[in-house]
Protein chains: 2
Amino acid sequence: MFRIGEFSKVTGLTVKTLRFYHEQGLLLPTYVDEQTGYRYYGENQVETARIITQLRALEFSLEDIKNVLAHQEDDSDLLDYLERQRQMMQEKAQASRRIARALTKIINHEREAHQTMNDANFNVEEKAIEPFWIAGVRMKGRYGDCGKGFAKIGKRFGRRICGKPLLLHYDAEYKETDADFEACMPIQRKNSSDQANSYEDVSVRELPGGRCVTLLHKGPYEELGRSYERILAYVQQRGYEIISPTREVYIKGPGMIFRGNPKNYLTEIQMLVVDQGSRAS
Amino acid sequence: MFRIGEFSKVTGLTVKTLRFYHEQGLLLPTYVDEQTGYRYYGENQVETARIITQLRALEFSLEDIKNVLAHQEDDSDLLDYLERQRQMMQEKAQASRRIARALTKIINHEREAHQTMNDANFNVEEKAIEPFWIAGVRMKGRYGDCGKGFAKIGKRFGRRICGKPLLLHYDAEYKETDADFEACMPIQRKNSSDQANSYEDVSVRELPGGRCVTLLHKGPYEELGRSYERILAYVQQRGYEIISPTREVYIKGPGMIFRGNPKNYLTEIQMLVVDQGSRAS
DNA sequence: GATACGGCCTCCCGTCAGGGGAGAGTCAAT
DNA sequence: ATTGACTCTCCCCTGACGGGAGGCCGTATC
């Protein structure tokens, strides 16, 4: 017969836990002194304690453990419990992984935005852009509604999105209402049959690359106009011809968590260009 | 101004939760009527509620959310929190996956034992056995001590174990004490440099396959002797020669969870054999 | 003006698996 | 007899709410 402290050392369960298990009817002492209330545990309780410890390590609830112990003879019953527990654990693992991945995405996004911010000189630049695949929703109306388009793409392509959202502008000039634009997300190309395609009103295709004039705009979207003036002045001065649509990449905007300070929003204006006259008419 | 019920509908948070967040200082109503105690929420609280919801979806604790909200301006602070949260989530995911895998192993083991039990006729049989890799600990002493050997292998090769434990008997006959045996576990062969090898006193090598006489023994280990008599009688009758060591595979023994009923233990005795005289002397 | 109904308030208790601590009684050795 | 280690019960705490009781408030209806 062990007293509770000795039994605690033997089983590795704390005294508190043993008392709790007693109260819960999970692990009853072999004998309880009626006068003193002292609990005494026998040798055979060690085995039961071991079982409980094992099942707890598998994160069984005490309720389940009690049931399992009660139907110790019935093998298939135990298997049922094991199956259910496995199911639960797999779901928990998946949920945690999903969250971890979401966090990773947010962190990387934030990091890249930071990086871009530090590297930026906020001058008009020229660079080459690689082609990449996008999912896009063409919309007509006000720019403010583009969120719906992004949401739609997010819902359908959640996993596959691999870059920052962008807007394609099909209008030649700024329009307050009745604008013609397309909300897009870069996506990973499925290696399977991924021809240019469309699901309902979401178009999936490759955006062409090429020579590109860019300008990083810092500040709220209302002030984009000024940056457009700058970039257009540059393009005109060089005598380039713009290939429609122009692109607006949202490097850092109202984040998923914080709306952020609009003064720190970063937007890259991209215009694919060719030398004037070099284009087949 | 929303009353709490309206605000609840707008934000998707329950009334209970909103009151709780108020109490915790997480989301304060813009105005509280002193007479009636009614809470009134302003438009700008909707945004805060959204942030809280997002962070809760990422399983941030309310404590963390409070801190994040307090230092809303500080970007790097937020990044720290995100990193820590990601770390936590990854750990949780790993823990759950580990448990799920352990459960899968137990379930499969139990299933196979069941299957074996159903298929068994408990007669001596002959079959061909493929070679397979093992980790083994050679021991001298009493069979009862073999658990230590299995434990040692389990500790070192936990992940890689891919089958049921077995014992190799190097003695020609049964010995109570001073027996010479080896506790083994089948392991997955690493594709990397996995020559026959040994780590401390654990030997890693391939067990040969070949023609094999087997008998499934059902019951406690004390009764193994009778089964050995049966199988040896068979071997002698056929005039086979036994290749040492003989093997005892523990199909179903005292499980990780339940000790189980020894009457249902299953042990397969395996003896590699060749026709007499066919062996190079 | 009275009433009914729905909304809102506070306060208390429950979850799950124990942990922390207070105050009092018990065991074994000195 | 005393001491020190051990044990007992009882109560409160965790996190993020949910359930419910009992009572007040606002608005519409009779």
Side-chain angles (χ1 to χ4, degrees), chain A residues 1-41 45 49 51-69 85 88-89 92 95-96 99, chain B residues 1-41 45 48-49 51-69 84-85 88-89 92 95-96 99:
Chain A
M1 289 296 221
F2 301 106
R3 289 205 309 199
I4 199 168
E6 301 159 347
F7 194 65
S8 159
K9 270 170 200 146
V10 172
T11 59
L13 296 163
T14 70
V15 172
K16 276 282 185 190
T17 302
L18 288 171
R19 285 203 269 257
F20 182 62
Y21 287 173
H22 179 191
E23 188 193 327
Q24 298 294 309
L26 204 67
L27 178 55
L28 302 167
T30 326
Y31 163 70
V32 179
D33 189 312
E34 294 203 358
Q35 259 68 46
T36 69
Y38 273 35
R39 297 168 176 84
Y40 295 93
Y41 294 86
Q45 301 302 74
I51 295 174
I52 295 173
T53 307
Q54 293 275 340
L55 291 174
R56 283 296 299 144
L58 296 171
E59 292 195 13
F60 274 77
S61 72
L62 295 193
E63 190 58 31
D64 281 354
I65 296 178
K66 213 185 320 186
N67 290 332
V68 169
L69 285 174
Q85 191 66 10
M88 272 186 46
M89 284 301 124
K92 275 184 70 172
S96 296
I99 292 174
Chain B
M1 289 294 216
F2 302 105
R3 289 205 309 200
I4 199 168
E6 301 159 350
F7 194 65
S8 160
K9 270 169 199 147
V10 172
T11 59
L13 296 164
T14 70
V15 172
K16 276 282 185 187
T17 302
L18 288 171
R19 285 203 269 258
F20 181 63
Y21 287 173
H22 179 192
E23 187 193 326
Q24 298 294 310
L26 203 66
L27 178 54
L28 302 167
T30 328
Y31 163 70
V32 180
D33 189 311
E34 294 202 358
Q35 260 68 46
T36 69
Y38 274 35
R39 295 168 176 84
Y40 295 93
Y41 294 86
Q45 301 302 75
T48 309
I51 296 173
I52 294 174
T53 307
Q54 294 273 342
L55 292 175
R56 282 298 297 145
L58 296 172
E59 292 195 12
F60 273 76
S61 72
L62 295 194
E63 190 58 32
D64 281 354
I65 296 178
K66 213 187 316 188
N67 290 331
V68 169
L69 285 173
R84 270 214 296 275
Q85 191 68 9
M88 272 186 46
M89 285 300 123
K92 275 184 70 170
S96 296
I99 291 174

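Convention: sequence-line order gives letters A, B, ...; per-chain numbering from 1.
- The aromatic rings of Phe7(A) and Phe2(A) sit tilted relative to each other, their planes meeting at an angle between 30° and 60°.
- The distance from atom NE2 of His22(B) to atom P of dC17(D) is 16 Å, rounded to the nearest whole Å.
- Closest approach of Ser8(A) to Leu13(A), counting heavy atoms only: OG-O, 2.7 Å.
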Can you give the donor-acceptor pairs under 3.5 Å from side chains of residues 55-63 of chain A to other protein atoms, not counting sequence neighbours?
{"unit_1": "Arg56(A)", "atom_1": "NH1", "unit_2": "Phe60(A)", "atom_2": "O", "d": "2.5"}
{"unit_1": "Glu59(A)", "atom_1": "OE1", "unit_2": "Lys92(A)", "atom_2": "NZ", "d": "3.3"}
{"unit_1": "Ser61(A)", "atom_1": "OG", "unit_2": "Asp64(A)", "atom_2": "N", "d": "3.1"}

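- Judged as a side chain to side chain donor-acceptor pair (under 3.5 Å), and not counting sequence neighbours, the contacts of Asn67(B) are Tyr81(B).
- One can place CG of Leu13(B) at 8 Å from P of dC17(D), the figure rounded to the nearest angstrom.
- Where Gln35(B) and Phe20(B) each meet DNA chain D at their nearest nucleotide, the meeting point lying more 5' is that of Phe20(B).
- For residues 27-34 of chain A, proximity to DNA chain C is found at no residue, defined as any non-hydrogen atom under 4.0 angstrom from a strand atom.
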* How does protein contact run along nucleotides 1-12 of chain D, one letter per nucleotide 5' to 3', with B for base contact, S for sugar-phosphate only, - for none, heavy atoms under 4.0 Å? -> -----BSBBB--
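- Sorted by first then second residue, the side chain to side chain donor-acceptor pair (under 3.5 Å) pairs that include residues 17-30 of chain B, not counting sequence neighbours, are Thr14(B)-Thr17(B), His22(B)-Arg39(B).
- The outermost nucleotides of DNA chain C lying under 4.0 Å from heavy atoms of chain B, listed 5' to 3', are dG7(C) to dC11(C).
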* Leu18(A)/Tyr41(A) under side chain to side chain contact (heavy atoms under 4.5 Å, CB included): CA gap, chis, key distance, verdict -> CA-CA 10 Å; Leu18(A) 288 171; Tyr41(A) 294 86; 3.9 Å; yes
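- Of all non-hydrogen atoms in Asp33(A) and Tyr40(A), the two that sit nearest each other are CB-CE1, 4.2 Å.
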